Chemist: 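Structure provided below as structure tokens; questions to follow.
Model, not experiment: these values are computed from the prediction.
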Amino acid sequence: MALAIESPLTDDRPAPGTAGPAAVAKDGDEVPGGRSRVMTVVGHLTLALLGVACIFPIYWMYATSLRRPDDVYNTSVLPWPLSVKSYSTALDQLDLARLLLNTTWVALLTAIGQLLTSVLAAYAFAVWNFRGKKLLYLAFVGTWLVPFQVTMLPNYVLLHNLGLLNSLSGVIVPNLVSALGVLMLRQHFDSFPKELLEAARMDGRSSWSTLWTVVVPNLRAPLAALTILLFVNAWNEYFWPAMVLQRGNLVLQLGINSFINSVETEEWGPLTAAAGLATLPIFALYLALQRHVINGFVRSGLR
Amino acid sequence: MFVEIAPPTLAEAAAATAAEATATRRRSVRGISRLLGRGVVPYLYLAPALGLLVVWIYRPLVETAQYSFYSWNLSPTTPAIPVGWHNFHRVFTLPEVGDSVLRTVLMIGLLLPFTIVIPIVVGLLSREVRGRARTVYQALIFAPFLVAPVASAAVWEWILTPGSGVLNRATGLKINWLHERVPALLSITGIVGWQMLGFAVLVVAAGLASINGDYAEAASVDGASRWQATRWLTLPLLSPTLVFLLLTTVLLAGTWTFPLIDTLTQGGPVSATTNIYYLLWNYGFKSFDAGLAAAAGVVFFAAFTGVAMVLVWLSDRLAFHDN
């Protein structure tokens, strides 16, 4: 919401003249038929129950990891007394610093690369009419029809020929384009006020400088949301790194997975500690930027 | 374009005219290059993304289509033998292919409550709740989406462990969730549904936010009841969002379930959780039957294209558009 106040353009509604800011803020909040106290109570109850059910497995992961090794099978809701023994066991076997550094690097470069190619492509689709536009757009949508298992083998062979197997670049390079990014950004670029683009053109700005000085600064909220989404996806990616990095577990998901497979299956303490550690950076990032993620999404009006 | 208003002195006016003349000339040169360039510019912006798509998605797709006519075991030293349509014949006659298709359809069906029904309920109920509580609920429901599949596999394996897992102990059930056929299928779809629910809720929230509030006001003025307004106004206006969610569920269910199947059940017990994606993986990297894997991949690609086209066509026919 703060972003919307900073720059009215982050709001995608193209005609601010026809609806006052109050009406815009109320959009979608308006309950047809008015509010009733009964429905409010039902809403609170249902959502609270569902929320607890959704968060419970995550809570249970951290609760188990913080119990003393003897208490792991205890089902008391609060893990007491606390102990970090499971974490030290997990950390003894995981080179966490190196895994974190590698994974951050891979996820960051992947997300930035996808963002860059998506911005350029979405800009082309939103601003120009050109031959083959529909077909080329379909080429992006169509990537959802191609299962990973179909492209995996030829891509593996190509990486082998390029000498990129067992390198972090091998994980990044094939993932530098995101259909979701192009689709989502196109929605935003399409609803960008055309008068502003026209004004920039009248000022003699090239399309390139219009993109970076007019369009991008005004769409910070959805761009931030998309960046976080892409970063999380790249961070959680498991199968492609597993294929490319067969020598050594260079990224977090692989390290955690091999740790999980190496410990005795009954050692739930260290196991949940490792899983919790792999998730912690993403939760921290999300909590720090939560407002942007939700707003960017909700405002995208994905249709 | 570049001409500024000239101050009213003669000398400067003359200079301005001269400048204007060169500017005009420059402009005409620019005009020509722009005419030439105009056609090229959008393609230049598209080039990086398209280039990557061609190299990493469509080239492999074509290569896979080529593999499908060969018998090859993936080893660089053994030659691939052309076998014509034999691999396709196997795809359509092997019973395990048909079974895995059925299981895939079943998994998609079991996922739809999580990606469509519950998100609608959550979206509608969220409008009754205001302020901080709403943000907290949304965050709680969204959180599982952030958990990596590897981590969620570990946690759920612990929760579902028959003897000591918290689910059986809390409910008093004695189900071996991951090693019996029906429970295993339910577990896999349940875990994936748990992860994807947050994403779907967010998409529905976006859809609801984009519905113009004037309609609701008009409905209230006309004396429509809450249920009438929801049934005849909100849901139809939300239909493009719902079609989008249906399409993503159908197309991406395989991608979502795959890591959990691989880490938790490996397609078992007795292939009870082997869907088409896991079957492709098995053919390619366990039986090393690259030709069969490729043929199955091509068939599934064609089938999904068909399904997607039907869904898009349906949404165009049925969707109730705002404008």
Side-chain angles (χ1 to χ4, degrees), chain A residues 26-33 39-40 43-44 46-47 50-51 54-55 57-58 60-61 73 75 117 120-121 123-124 128 130 139 143-151 153-155 174 176-177 204 207 232 236 238 253 256-257 260 268 271 275 278-279 282 286 290 297-298 300-303, chain B residues 1-2 41-42 45-46 48-49 52-53 56-57 60-61 63-64 125 127-129 137 140-141 143-144 146-151 154-155 158-159 164 166 169 202-203 205-206 208-211 213 216 219-220 224-226 229 233 240-241 251 254-255 259 277 280-281 284 297 301 304-305 308:
Chain A
K26 256 163 59 186
D27 270 5
D29 271 6
E30 198 57 53
V31 180
M39 283 308 282
T40 309
H44 272 290
T46 318
L47 293 178
L50 190 67
C54 283
I55 207 72
I58 297 169
W60 200 245
M61 165 170 81
Y73 291 104
T75 45
T117 53
L120 296 179
Y123 186 55
W128 284 276
F130 49 91
T143 56
W144 284 3
L145 299 169
V146 186
F148 165 71
Q149 290 81 354
V150 169
T151 55
L153 183 63
N155 282 347
L176 287 178
V177 63
S207 61
V232 171
N236 288 345
Y238 167 66
Q253 306 304 333
I256 301 287
N257 196 48
I260 288 172
W268 297 111
L271 224 137
T279 322
I282 293 294
Y286 173 69
Q290 188 224 13
F297 240 114
V298 171
S300 79
L302 271 171
R303 294 205 223 184
Chain B
M1 212 173 261
F2 293 104
V41 170
Y45 282 106
L46 275 178
L52 286 161
L53 273 196
W56 299 106
I57 306 276
L61 184 65
E63 271 184 39
T64 299
L125 286 177
R127 302 192 305 178
E128 313 283 345
V129 175
Y137 298 143
L140 291 179
I141 296 171
L146 299 171
V147 181
V150 172
V155 176
W158 163 220
I159 291 175
S164 48
V166 69
R169 284 172 73 179
L202 224 51
V203 174
L208 284 174
S210 69
I211 293 176
S220 312
S225 76
R226 172 193 304 273
L233 194 71
T241 306
L251 295 182
T255 317
Y277 294 89
L280 281 180
W281 169 261
F301 170 69
F304 274 116
T305 309

Chemist: Mind listing the closest non-hydrogen atom pair of A/Val146 and B/Phe301 along with its distance?
Modeler: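 Smallest heavy-atom distance, with atoms named: CG2-CE1, 3.7 Å.
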Chemist: What's the shortest heavy-atom distance between B/Val41 and A/Trp128, and which atoms?
Modeler: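 That closest heavy-atom pairing would be CG1-CZ2, 3.3 Å.
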Chemist: Out of A/Ala121, A/Ser207, A/Pro174, which one racks up the most heavy-atom pairs below 4.5 Å with chain B?
Modeler: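 Going by pairs under 4.5 Å, I would pick A/Pro174.
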Chemist: Side chain from CB out, backbone as N, CA, C, O: work out which of these in A/Val232 comes under 4.5 Å of a heavy atom of chain B, or both, or neither.
Modeler: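 The answer is the side chain of A/Val232.
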Chemist: Using a 4.5 Å cut-off on heavy atoms from C-beta on, say whether the side chain of A/Val177 contacts that of B/Trp56.
Modeler: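 Contact flag for B/Trp56/A/Val177 side chains = no.
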Chemist: Which heavy atom of A/Gly51 sits nearest to which heavy atom of B/Ile141, and what is that distance?
Modeler: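 Smallest heavy-atom distance, with atoms named: CA-CG1, 4.1 Å.
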Chemist: Please report the closest heavy-atom contact between A/Ala275 and B/Ala154, naming both atoms and the distance.
Modeler: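 Of all heavy-atom pairs spanning A/Ala275 and B/Ala154, the closest is CB-CB, 4.2 Å.
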Chemist: Where on A/Tyr73 is there a heavy atom nearer than 4.5 Å to chain B: the side chain, the backbone, both, or neither?
Modeler: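 Contact with chain B: backbone and side chain both.
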Chemist: Between the main-chain N or O of B/Pro149 and the side-chain N or O of A/Asn236, is there a donor-acceptor pair closer than 3.5 Å?
Modeler: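 Between the backbone of B/Pro149 and the side chain of A/Asn236 there is no qualifying donor-acceptor contact (under 3.5 Å).
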Chemist: If you count heavy-atom pairs under 4.5 Å between each of A/Leu120, A/Leu153, A/Leu50, A/Ile55 and chain B, which one has the most?
Modeler: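 Sorted descending by pairs with chain B, the first entry is A/Leu120.
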Chemist: If every non-hydrogen atom of B/Tyr277 is compared with every non-hydrogen atom of A/Gln149, which pair is closest and at what distance?
Modeler: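 Scanning both residues completely, I find the closest heavy atoms to be CD2-OE1, 3.2 Å.
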Chemist: Find the one option among B/Ile57, B/Leu146, B/Leu52 whose heavy-atom pairs under 4.5 Å with chain A are most numerous.
Modeler: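 Among B/Ile57, B/Leu146, B/Leu52, the one with the most close pairs to chain A is B/Leu146.
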Chemist: Using the side chain to side chain contact (heavy atoms under 4.5 Å, CB included) rule, take B/Leu53 and A/Thr143 through it: C-alpha gap first, then chi angles, then the decisive distance, then the call.
Modeler: CA-CA 8 Å; B/Leu53 273 196; A/Thr143 56; 3.3 Å; yes
Chemist: Counting only heavy atoms closer than 4.5 Å, note whether B/Ala308 contacts chain A via side chain, backbone, both or neither.
Modeler: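 For B/Ala308, the side chain is the part near chain A, not the backbone.
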Chemist: Pick one of side chain, backbone, both or neither for A/Thr279, based on which atoms fall under 4.5 Å of a heavy atom in chain B.
Modeler: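 For A/Thr279, side-chain heavy atoms alone lie under 4.5 Å from chain B.
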Chemist: Can you give me the closest heavy-atom contact between B/Val155 and A/Met61, atom names plus distance?
Modeler: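 Minimum heavy-atom contact is CG2-SD, 3.2 Å.
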Chemist: Aromatic rings B/Tyr137 and A/His44: how do their planes relate, parallel, tilted or perpendicular, breaks at 30° and 60°?
Modeler: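 Because their plane-to-plane angle is over 60°, the rings of B/Tyr137 and A/His44 count as perpendicular.
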Chemist: Report yes if some heavy atom in the side chain of B/Glu63 is under 4.5 Å from a heavy atom in the side chain of A/Thr151; otherwise report no.
Modeler: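 No, every pair of side-chain atoms sits at 4.5 Å or beyond.
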Chemist: If you count heavy-atom pairs under 4.5 Å between each of A/Asn155, A/Val150, A/Thr75 and chain B, which one has the most?
Modeler: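 Option with the top pair count is A/Asn155.
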Chemist: Measure the OG1-CG distance between A/Thr46 and B/Leu125 for me, rounded to the nearest 0.5 Å.
Modeler: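 Going from OG1 on A/Thr46 over to CG on B/Leu125, the span is 5.0 Å.
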Chemist: Tell me, for B/Ile159 versus chain A, whether the close heavy atoms (under 4.5 Å) come from the side chain, the backbone, both or neither.
Modeler: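 Contact with chain A: side chain only.
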Chemist: Which residues pass the side chain to side chain contact (heavy atoms under 4.5 Å, CB included) test with B/Thr255, not counting sequence neighbours?
Modeler: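 Expected list: B/Leu252.
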Chemist: Of the backbone (N, CA, C, O) and the side chain (C-beta and beyond), which part of B/Val147 lies under 4.5 Å from a heavy atom of chain A, both, or neither?
Modeler: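 Both parts, backbone and side chain.
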Chemist: Heavy-atom pairs under 4.5 Å with chain A are the metric here; pick the option from B/Pro144, B/Pro48, B/Gly254, B/Gly284 that has the most.
Modeler: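 Looking at each of B/Pro144, B/Pro48, B/Gly254, B/Gly284 in turn, B/Pro144 comes out on top.
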Chemist: By a 4.5 Å heavy-atom criterion (distance strictly below it), what part of A/Tyr123 contacts chain B: side chain, backbone, both, or neither?
Modeler: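 It is the side chain, since no backbone atom gets that close.
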